[in-house]
Amino acid sequence: TICGKRKINNKRVNNKIRLNEAKVVDMVDIEDISEKAAFCRCWKSKNWPYCDGTHGEHNKECSDNVGPLVVSRKQK
Ligand code: FES
């Protein structure tokens, strides 16, 4: 099955984010996360590394079930 409009290589996960880099690594300072942050795991967000909801389109188009990693602070 081929999903997505921009197919480069069927084995790739990332066909969009910073393709000119050998490895995409992002750093987020935990102090910058106030209560909660959702990080993209579908590699299609326009607000990388954060989730922008694009996984919904991907899941519909590809019959997939991916979603974000949500990091939240414990309630005190
Ligand atoms: Fe990629 Fe939500 S946009 S997981």
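Both counts, for ligands and for their atoms, begin at 1 and track the order of listing. FYI, side chains are in, hydrogens and waters are out, and symmetry mates aren't considered; it's all heavy atoms of this structure. If you read the sequence from its start, that first residue is 1, and numbering goes on from there.
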Closest heavy-atom pair and its distance - Asn59, Val66: ND2-O, 2.8 Å
Test log, rule side-chain contact (heavy atoms from CB on, under 4.5 Å), inputs Trp43 and Asn15: CA-CA 8 Å; Trp43 289 85; Asn15 287 312; over 6 Å; no
Heteroatom count (protein N, O or S) under 2.8 Å of atom 1 (Fe) of ligand 1: 2
Interatomic distance, Lys44 atom NZ to Cys62 atom SG [nearest 0.5 angstrom]: 4.5 Å
In one Ile/Leu/Val/Met/Phe/Trp/Tyr side-chain cluster, 4.5 Å: Leu69, Val28: yes
Glu21/Arg18 salt bridge by N-O under 4.0 Å criterion: yes
Please tabulate, for side-chain N and O atoms in residues 45-52, each donor-acceptor pair with protein atoms closer than 3.5 Å (sequence neighbours left out).
{"unit_1": "Ser45", "atom_1": "OG", "unit_2": "Asn47", "atom_2": "N", "d": "2.9"}
{"unit_1": "Ser45", "atom_1": "OG", "unit_2": "Tyr50", "atom_2": "O", "d": "2.5"}
{"unit_1": "Trp48", "atom_1": "NE1", "unit_2": "Asp26", "atom_2": "OD2", "d": "2.7"}
{"unit_1": "Asp52", "atom_1": "OD1", "unit_2": "Thr54", "atom_2": "N", "d": "3.0"}
{"unit_1": "Asp52", "atom_1": "OD1", "unit_2": "Thr54", "atom_2": "OG1", "d": "2.5"}
{"unit_1": "Asp52", "atom_1": "OD2", "unit_2": "Lys46", "atom_2": "N", "d": "2.9"}
{"unit_1": "Asp52", "atom_1": "OD2", "unit_2": "Thr54", "atom_2": "OG1", "d": "3.2"}

